[in-house]
Amino acid sequence: MGWIGEQIDSVKSLNFRQVLTQVVSLGMIVTSALIIWKGLMCVTGSESPVVVVLSGSMEPGFKRGDILFLHMSKDPIRAGEIVVFNVDGREIPIVHRVIKVHEREDSGEVDVLTKGDNNFGDDRLLYAHGQLWLHRHHIMGRAVGFLPYVGWVTIIMTEKPIIKYILIGALGLLVITSKE
């Protein structure tokens, strides 16, 4: 009958209490992950404390698939720092270096101009129509560390959704059929 047949028989032999226990365990795992994420948000001051580099625009410093750890403090942003920012009208955050800082004399607020290390020009073409500078509210955080290549898992699951569904299904089946 094979492995699949054994797994199906295992699921059929479960009683309601065992299934309920497995579902509650799965719910607790998901809830724990969300609590950890929210805790990281509070500690780092960033709405997204971990991001994946999705393009080669920051090579050779950061490559596609690297994971960046972000922190957002009250300190002013300075030229040379690597920031992650959102642009109005775009869903995906961008990882680029600050190349120019403009401090407004009237309010003391700092506006920044960014550029990818591997790009020829600045990012004004990426900003919203008519926008010349990024403001503080656009910036999600500063890069404070990275893990190379680990983000490829996310990229593959985003670009090939069938792999994501197969993985989720396999993990769900594993949780349901486990005896403990």
Side-chain angles (χ1 to χ4, degrees), residues 1-72 82-97 114 116-119 123 125-126 128 138-180:
M1 188 179 235
W3 182 81
I4 294 176
E6 290 174 12
Q7 296 304 317
I8 292 172
D9 289 342
S10 176
V11 170
K12 287 179 181 177
S13 70
L14 293 175
N15 65 32
F16 177 74
R17 187 179 189 110
Q18 288 173 318
V19 172
L20 185 62
T21 302
Q22 298 301 335
V23 169
V24 169
S25 295
L26 182 61
M28 289 175 64
I29 290 168
V30 170
T31 302
S32 296
L34 291 174
I35 289 170
I36 290 169
W37 184 259
K38 288 293 186 181
L40 283 172
M41 287 174 63
C42 291
V43 169
T44 63
S46 175
E47 66 186 75
S48 182
V50 177
V51 295
V52 176
V53 178
L54 298 175
S55 75
S57 66
M58 284 301 291
E59 288 183 0
F62 298 119
K63 294 179 177 34
R64 188 170 191 243
D66 290 352
I67 289 184
L68 297 182
F69 301 103
L70 305 182
H71 186 267
M72 191 62 185
I82 296 170
V83 296
V84 177
F85 59 92
N86 278 321
V87 176
D88 299 331
R90 290 181 179 232
E91 293 180 25
I92 299 174
I94 300 170
V95 179
H96 281 175
R97 187 178 307 276
T114 57
D117 289 353
N118 201 22
N119 294 351
D123 289 341
L125 293 174
L126 295 176
H138 291 113
I139 298 173
M140 296 170 57
R142 297 175 171 102
V144 294
F146 78 104
L147 270 174
Y149 308 115
V150 179
W152 271 105
V153 174
T154 302
I155 292 172
I156 290 169
M157 287 195 298
T158 301
E159 291 178 354
K160 303 202 184 298
I162 188 70
I163 293 174
K164 176 172 44 178
Y165 299 130
I166 290 170
L167 184 64
I168 290 171
L171 289 173
L173 187 63
L174 183 68
V175 167
I176 290 173
T177 60
S178 69
K179 298 292 184 186
E180 297 173 12

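Proximity of a side-chain donor or acceptor of W152 to a complementary backbone N or O of R64 within less than 3.5 Å is detected.
In this structure, CG on D117 lies 3.5 Å from CE on M58, to the nearest 0.5 angstrom. A distance of 12.0 Å separates NZ of K160 from CD1 of I166, quoted to the nearest 0.5 Å. Here the straight-line distance linking atom CD1 of I94 with atom CE of M140 works out to 11.0 Å at 0.5 Å rounding. Annotation: the span from D66 atom CG to Y149 atom OH amounts to 7.0 Å, rounded to 0.5 Å. With values rounded to the nearest 0.5 angstrom, K164 atom NZ is found 10.0 Å from T154 atom OG1. In this structure, CG on L126 lies 8.5 Å from OG on S57, to the nearest 0.5 angstrom.
Looking at W37 and S48, their side chains come closer than 4.5 Å, going by heavy atoms from C-beta outward. With contacts defined as side-chain heavy-atom distances shorter than 4.5 Å, the pair L34/K38 does not qualify.
The only member of V84, N119, N118, I82 that meets side chain to side chain contact (heavy atoms under 4.5 Å, CB included) when paired with H96 is N119.
Between F69 and F146, the shortest heavy-atom contact is CD1-N, 3.9 Å. Of all the heavy atoms in T44 and H71, the pair that sits closest is O-CD2, 3.4 Å. The nearest pair of heavy atoms linking M41 to E47 is CE-O, 3.6 Å. Taking all atoms of both residues into account, the shortest heavy-atom contact from I155 to V53 is CD1-O, 3.7 Å.
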